[in-house]
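For ligands, and for the atoms within them, numbers begin at 1 and follow the listed sequence.
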Amino acid sequence: MSDFSVMQAQASILEHVFTSQMELVPLHDALGRVLAEDVKANRNHPPYDVSAMDGYAVRFADVAQVPVELKVVDDIRAGQMPQLEVQQGQAARIMTGAPTPVGIDTVVRVEDTALDGDVVSILSQPKQGDNIRPLGENLKTGEVVLSKGTAITPGVLAILAMVKQKQVPVFAKPTVAILSTGDELEAIDDPIDDNKIPNANSHALYAQCKSLGIEATLLGIAQDNEEDLRAKLALGLEYDVLLASGGVSVGHHDFVRPTLDALGIIMHFWRVAMRPGHPLAFGTVKRKGEKNAAVFGLPGNPVASMVCFEQFVAPALRQMMGHKKLYRRTLNARLSHDLQAASGRTLFVRVTLSRETDGYVATSTGEQGSGVLMSMALADGFLVVPADSAGLSAGDRVTVQLLQDMDFQNDAGLEA
Ligand code: AMP
Ligand code: MG
């Protein structure tokens, strides 16, 4: 089988991973999740016509000519039901959010009036219906206000609170297990041994899952032998998604592939035409009474592992959580320097982005080796160089995928 392109690999993965079941979670836990059912309004909001301003509720016919004097017959506050009907030549003082009295059709702002005793002068001519928010303007009883598939932001959560949805139907989060493989690896709690390599991948992958709202389980480090690998991979297959890093190349001690075969996993591909991240395996396995489990064999090189997570694992996890937006946001930037390519593989160059007057400028974070973690630590995003590119020059327009810190910037950006 020839190498999959990045897009082929993404399509294959999304075809094989399921969307999770519905579960009910308390309102506050619903943030960042996705609605698994339509939500209907259980009330009208506002529940009656209300004033949008502090002012005077009037009959429009009375104020067709201004200035005009009206007798103030009532004073209505929010939360209080008006008792009087406003008659011809009368007005009611009214506060923002208070229900409008019978008889009136317009509210005049207090700034456009002058009060003398119980007589108010209307000084400027309103339009009929001004400053009244009609019953049901926000929510109408029985109407779908949020549809299945809506991602729950703070704004969406506010609507859920308005319709008193104390328990929210959302798609469940997939369970995820993380396993690192390699005899050379040293666990974070092990004493420092200068001959070993500290395990970065388990923790990087854990953090990447967490940034998607998923608390993954760390299964530790498997040694490069079939027995240990088999036992730990089998444990990982009890989760919806198993992320195993290292040991997926074709080296003499790369046992992940034969061990996954031996465990009955159907492998959909083994290699992707990309850099970093060429060795990347994806497979699924049937589980009794449950949906398929998915296994990602991620490259051992830390940068490659992280890039592959962003390109392949994150979209899969987001699909499982019911999200419709699966991919990192991309933007157009200008490259600040020449860049060699011509590899026949899609390149994911770690770059910083700076905001200039004419848009964003992308600059490589430096040494781009797939083991150079600093290139990831410094990155604002991945510059995507298509597989057929012959190289790029300073000033070229490029596509950059944003990493999550790009949601924020140093200055408020409010000046025109
Ligand atoms: P492998 O894919 O197992 O051949 O590993 C490729 C490179 O990545 C080797 O230099 C490994 O030492 C390194 N590596 C593998 N797993 C990890 C890990 N969990 N943390 C840091 N480096 C790793
Ligand atoms: Mg290895």
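Atoms of ligand 1 found under 4.0 Å from any heavy atom of Pro302, numbered from 1 in the order shown, are 21 (C), 22 (N). Those atoms of ligand 1 with a heavy atom of Gly247 less than 4.0 angstrom away are 1 (P), 2 (O), 3 (O). Proximity to Asn199 (heavy-atom distance under 4.0 Å) selects the following atoms of ligand 1: 18 (C), 19 (N), 20 (N). Of all atoms in ligand 1, numbered sequentially from 1 with element shown, those under 4.0 Å from a heavy atom of Ser180 are 19 (N).
In this model, a donor atom of one side chain and an acceptor atom of the other lie less than 3.5 Å apart for Asp54 and Thr96. Residues Arg350 and Gln368 bring a donor and an acceptor atom of their side chains to less than 3.5 Å of each other. Glu310 and Gln208 share a side-chain donor-acceptor pair at under 3.5 Å.
Distances from ligand 1 to the non-hydrogen atoms of Gly182 include no value under 4.0 Å. For Ser305, the closest heavy-atom approach to ligand 1 does not fall below 4.0 Å. Ligand 1 does not have Gly251 within reach: every non-hydrogen atom of the residue lies 4.0 Å or more from it.
For ligand 1, the polar-atom distance check against Ser202 finds no nitrogen or oxygen pair separated by under 3.5 Å. Any N or O atom pair closer than 3.5 Å counts here, and Gly300 shares at least one such pair with ligand 1.
Contact check on Glu143 versus Lys40 returns no salt bridge, with no Lys/Arg side-chain nitrogen under 4.0 Å from an Asp/Glu carboxylate oxygen. Look at Asp358 and Arg334 and you find a salt bridge, because one of the NZ, NE, NH1 or NH2 atoms lies within 4.0 Å of a carboxylate O, short of that distance.
The protein non-hydrogen atom at the shortest distance from atom 21 (C) of ligand 1 is Pro198 O, 3.5 Å. Residue, atom and distance of the protein heavy atom nearest to atom 20 (N) of ligand 1 are Ala200 N, 3.0 Å. With respect to atom 7 (C) of ligand 1, the closest heavy atom belonging to the protein is Asn301 OD1, 3.5 Å. Nearest to atom 11 (C) of ligand 1 among the protein's heavy atoms is Glu184 OE2, 3.0 Å. The protein heavy-atom contact nearest to atom 17 (C) of ligand 1 is Asn201 ND2, 3.4 Å.
Here Leu185 has side-chain heavy atoms under 4.0 Å from ligand 1, and that is the only part of it that gets that close.
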Exercise for the section: For side chain to side chain contact (heavy atoms under 4.5 Å, CB included), just list the numbers for Phe269 and Ser12, CA-CA rounded to whole Å, side-chain angles, deciding distance to a tenth of an Å, and then say yes or no. Expected result: CA-CA 8 Å; Phe269 58 85; Ser12 166; 3.9 Å; yes
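Applying the ring pair (Phe, Tyr, Trp, His ring centres under 6.0 Å) test to pairs two or more places apart or on separate chains, those with a residue in residues 12-44 are His16-His268.
Shown here are the ring pair (Phe, Tyr, Trp, His ring centres under 6.0 Å) partners of Phe382, two or more places apart in sequence or in another chain: there are none.
Between Ala57 and Ile94 the shortest heavy-atom distance is N-CG2, 4.0 Å. Here the shortest heavy-atom pairing between Ala78 and Met95 reads N-CB, 4.3 Å.
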